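Excluded from the calculations below are hydrogen atoms, water molecules and symmetry mates; all remaining heavy atoms, backbone and side chain alike, are included. Computed from a predicted structure; not experimentally measured. Letters A, B, ... are given to chains in the order of the sequence lines, protein chains preceding strands, and every chain is numbered from 1.
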Protein chains: 2
Amino acid sequence: MSDKIIKLKDIARILSVSESTVSRALRDHPRISQATREKVKTLAEQLDYMPNQVARNLQNRHMNAIGVVVPKLSYYLYAQAISGMEEVAEQLGYNIIICQTNESAEREQAIVQDLLSTRIAGFIISLSSATVDFEHFAKIKRRKVPLVFFNRECEDIHTDRVIIDNFGVAQKAVEHLIERGCKRIAYFGGPAEVQISNRRLEGYRAALTTHQFPLIPAYMVHTEFNSKSAYQAADRLLRLPQPPDAILAFSDQFAYTLYQRARELGIDIPNTLSLIGFNNEPATALLQPALSTVDQPAYAMGKTAAEILFQQIQRPNDYYRAQTKVLQSSLVLRGSTRRS
Amino acid sequence: MSDKIIKLKDIARILSVSESTVSRALRDHPRISQATREKVKTLAEQLDYMPNQVARNLQNRHMNAIGVVVPKLSYYLYAQAISGMEEVAEQLGYNIIICQTNESAEREQAIVQDLLSTRIAGFIISLSSATVDFEHFAKIKRRKVPLVFFNRECEDIHTDRVIIDNFGVAQKAVEHLIERGCKRIAYFGGPAEVQISNRRLEGYRAALTTHQFPLIPAYMVHTEFNSKSAYQAADRLLRLPQPPDAILAFSDQFAYTLYQRARELGIDIPNTLSLIGFNNEPATALLQPALSTVDQPAYAMGKTAAEILFQQIQRPNDYYRAQTKVLQSSLVLRGSTRRS
DNA sequence: TTGTACGCGTTATCAT
DNA sequence: ATGATAACGCGTACAA
């Protein structure tokens with residue numbers, strides 16, 4: 001085994017054929033004789049030839065990779081969703097370049113800029129919570145680079161998106177709490193700029209309004225995505241003069257914080273406080289009582305987003321109408337919501 | 001804003017200078033006049049020029065990206081470690097291509113092959129549990145592509161690695177259990193091929209031997225990385241005629257399964273069964289009783305691996321001795337280990 | 001079926 | 001300080 005990198009030229013020289021012939025033989029081009037094809041392939045195998053994808057990509061005009069931009073990999077939903085994308089990308093021979101924004105708008109812009117420069121084949125993006133300016137997304141569209149939003153999207157940009165029915169499932173969750181006899185229901189949400197959090201808030205409000213419950217500002221909490229901020233907000237909410245008897249949390253992580261503070265304050269779950277989270281993380285089933293939560297189709301969301309993206313990639317000049325796919329999520333009821 | 005992609009040539013034509021001049025100006029080459037440099041940069045800015053990284057990479061001979069190959073993104077440790085790598089890669093202007101093997105050896109080989117073809121600048125790899133043949137790693141080294149193993153490594157390959165002291169910390173954990181008076185201590189490990197699991201097993205054995213405890217085969221469990229297999233193994237272990245009174249689990253996830261089965265069997269934690277996990281996942285603190293666990297420096301491991309990799313990348317012809325960095329992990333004691 | 005010549009966008013080398 | 005030319009490795013018209 002030599003350590004020199006073999007290229008098309010080497011194979012061509014050895015077999016005394018042209019580079020084009022070798023190129024065609026390796027890629028099963030129709031106009032090539034069976035004989036030379038095998039001859040070339042055999043030698044390529046022997047020499048452990050590997051096509052230089054960079055060179056190929058240069059004249060393809062784009063990389064055989066897609067860029068995935070998410071807030072944080074350690075959020076359970078994104079790790080799952082990325083697995084779904086990989087399933088699709090792998091079959092088509094594409095790599096996935098994953099970038100975390102860490103909820104920073106500046107970082108998001110820099111990443112988009114960089115991936116555009118890398119001539120990525122397409123983007124799958126879930127917005128950072130801090131993103132308020134959308135010029136970098138507009139630039140992607142201007143360059144006609146395929147773009148699909150998922151989970152956290154951006155209404156101002158005309159492109160495909162894959163989301164869940166945040167409004168509907170939050171509404172359903174709150175209605176469930178109402179049926180179980182809860183009277184003072186709170187929503188423990190994310191930062192005020194995060195659209196999916198606000199959609200859930202709207203679902204919450206709709207449910208309350210429908211059942212003629214009052215909308216109490218102190219029961220509509222916004223908090224940052226870090227445990228310190230969440231802990232303080234939980235403390236404030238649970239020590240209200242009139243504390244809630246049920247809480248719909250934006251995420252399981254927030255629900256964990258609420259569990260913790262409730263325990264410290266001696267509040268009994270579910271008898272004096274019912275709790276519902278979001279994401280159905282593995283540990284939710286192990287808490288005592290087990291946490292009721294919303295199961296999100298994270299894997300399917302990633303897979304669908306990738307499928308739609310590759311539709312865009314494979315027919316670039318097709319005039320298409322941007323589609324919005326809404327996937328179903330479902331309520332998983334466990335011990336943290338009271339029985340009746 | 002036009003939608004045409006601007007290239008060096010366009011800028012050169014407009015300013016009536018050569019492409020080389022533009023290229024130099026944009027990259028702050030020393031031999032360029034201040035005046036033209038600014039002229040070029042200003043126009044580039046106006047036209048929203050973005051250098052084509054693919055073309056650059058073609059003559060760099062490699063991509064400005066590193067390949068990260070891990071078993072599963074949803075394992076907490078890997079999501080954390082990747083954040084550490086990103087911190088380093090970002091500063092150097094490198095992207096990260098992340099690939100999951102899903103614990104499949106075939107997948108791992110295919111990924112390595114593909115990333116080599118993509119002319120990746122270097123690899124950071126954590127082995128799949130099924131990997132027994134190392135030819136694909138040897139090929140990386142033969143091609144002189146930088147390679148760093150982390151967490152799960154491969155002794156047969158001479159290269160850098162970043163690991164934790166699995167032997168030592170497992171030994172320490174078992175000794176702690178012995179001090180607390182546990183008499184029948186078991187190890188609940190991963191698949192028999194996984195090196196880090198076996199290292200922990202050795203640490204376990206060393207601790208028992210030192211304290212003249214018997215080594216009982218039924219107390220040394222191997223199980224696959226899926227909840228079904230883990231559940232069955234947990235059931236078998238806990239329903240032994242002489243069940244253990246303490247278990248060191250390979251991971252928090254395994255510990256969760258042991259919690260669950262113990263509860264179902266009415267086994268009290270920690271009074272009749274002490275439990276220690278590995279990873280210090282966020283939910284461990286919330287279980288009742290809270291799970292004692294080994295905190296691993298996952299972020300630091302990723303960061304260190306990336307730093308070492310870039311050392312290799314930046315001086316490719318340096319003759320260097322492969323180094324092994326061992327990071328410290330620590331025991332976090334909580335309610336799941338009995339008090340005395 | 002095969003070969004020739006050129007292009008992909010940029011950088012390096014060697015002139016000037 | 002700037003320009004001309006040849007790489008980088010491969011694919012693709014077009015020609016033969």
Side-chain angles (χ1 to χ4, degrees), chain A residues 4-41 43-44 47-65 93 114 116-121 143 145 316, chain B residues 4-41 43-44 47-65 93 114 116-121 143 145 316:
Chain A
K4 192 193 164 232
I5 293 185
I6 305 295
K7 351 182 203 185
L8 272 192
K9 194 193 290 186
D10 302 315
I11 299 184
R13 216 169 358 221
I14 296 177
L15 295 179
S16 300
V17 295
S18 75
E19 297 180 35
S20 347
T21 302
V22 178
S23 170
R24 284 189 277 248
L26 289 172
R27 286 172 305 130
D28 292 319
H29 189 96
R31 283 210 265 278
I32 192 85
S33 81
Q34 188 66 20
T36 51
R37 180 184 317 182
E38 282 175 12
K39 208 170 49 177
V40 169
K41 284 197 170 181
L43 183 60
L47 298 179
D48 197 22
Y49 168 76
M50 309 174 123
N52 183 328
Q53 280 296 346
V54 181
R56 283 185 169 173
N57 292 333
L58 178 58
Q59 44 122 175
N60 287 350
R61 317 297 281 271
H62 65 74
M63 294 263 306
N64 62 333
D114 175 68
L116 279 174
S117 208
T118 306
R119 300 301 192 264
I120 226 66
R143 295 212 151 209
V145 176
Chain B
K4 192 191 164 236
I5 294 184
I6 306 294
K7 354 183 200 185
L8 272 191
K9 193 193 292 188
D10 301 316
I11 300 184
R13 214 168 0 219
I14 295 176
L15 294 178
S16 301
V17 293
S18 75
E19 297 178 35
S20 336
T21 302
V22 177
S23 171
R24 285 190 276 247
L26 290 173
R27 286 173 304 135
D28 291 319
H29 188 96
R31 281 211 265 278
I32 191 84
S33 81
Q34 188 65 20
T36 52
R37 180 185 318 185
E38 282 174 12
K39 209 170 51 180
V40 169
K41 285 198 172 181
L43 183 59
L47 298 179
D48 197 22
Y49 166 78
M50 308 173 125
N52 184 329
Q53 280 295 347
V54 181
R56 283 184 170 175
N57 291 333
L58 178 59
Q59 51 83 258
N60 286 351
R61 316 296 280 268
H62 65 75
M63 292 262 307
N64 63 331
D114 176 67
L116 279 174
S117 208
T118 307
R119 300 299 193 263
I120 226 67
R143 296 212 151 211
V145 176

Positions of residues 18-26 of chain A (non-hydrogen atom under 4.0 Å from DNA chain C), listed by number: A:Ser18, A:Ser20, A:Thr21, A:Arg24

Side-chain donor or acceptor of A:Arg119 paired with backbone N/O of A:Leu116 under 3.5 Å: yes

Whole Å only: how far is the CG atom of B:Leu47 from the P atom of C:dG9? 16 Å

Just to be sure I understand the rule, does A:Leu58 reach a base, reach only the sugar-phosphate, or reach nothing, if contact means heavy atoms closer than 4.0 Å? base

By nearest-nucleotide position on DNA chain C, the 5'-leaning member of A:Arg37 and A:Gln59 is A:Arg37

For a quick check of understanding: with a heavy-atom distance under 4.0 Å over all strands, which category does B:Val54 fall into, base, sugar-phosphate or nothing? nothing

Checking all strands, does A:Arg56 fall into the base, sugar-phosphate, or nothing category for heavy-atom contacts under 4.0 angstrom? sugar-phosphate

Can you tell if the side chain of B:Thr118 reaches within under 4.5 Å of the side chain of B:Met63, non-hydrogen atoms only? yes

Taking for B:Ile32 and for A:Leu8 the nucleotide of DNA chain D with the nearest heavy atom, the one nearer the 5' end belongs to B:Ile32

In whole angstrom, what separates B:Arg31's CZ from C:dA12's P? 13 Å

Residue mapping more 5' on DNA chain D - nearest nucleotide basis, B:Arg61 or B:Val17: B:Val17

Residue set satisfying side chain to side chain donor-acceptor pair (under 3.5 Å) with B:Arg27, at least two apart, ordered chain then number -> B:Ser23

Using whole Å, report how far CZ of B:Arg13 lies from C1' of C:dG9. 13 Å

Reading DNA chain D 5' to 3', which nucleotide is the first, and which the last, to come under 4.0 Å of any heavy atom in chain B? D:dA1 to D:dG9

Ignoring hydrogens and geometry, is there a side-chain-to-backbone donor-acceptor pair from B:Ser117 to A:Gln53 under 3.5 Å? no

Rounded to the nearest Å, what distance is computed from the CG atom of residue A:Asn60 to the P atom of nucleotide C:dC8? 14 Å

On a heavy-atom basis, which atom in A:Arg37 and which in A:Ile32 lie closest, and how many Å separate them? NH2-CG2, 3.2 Å

May I ask you to verify if any side-chain N or O of B:Tyr49 is less than 4.0 angstrom from the OP1 or OP2 atom of C:dG9? no

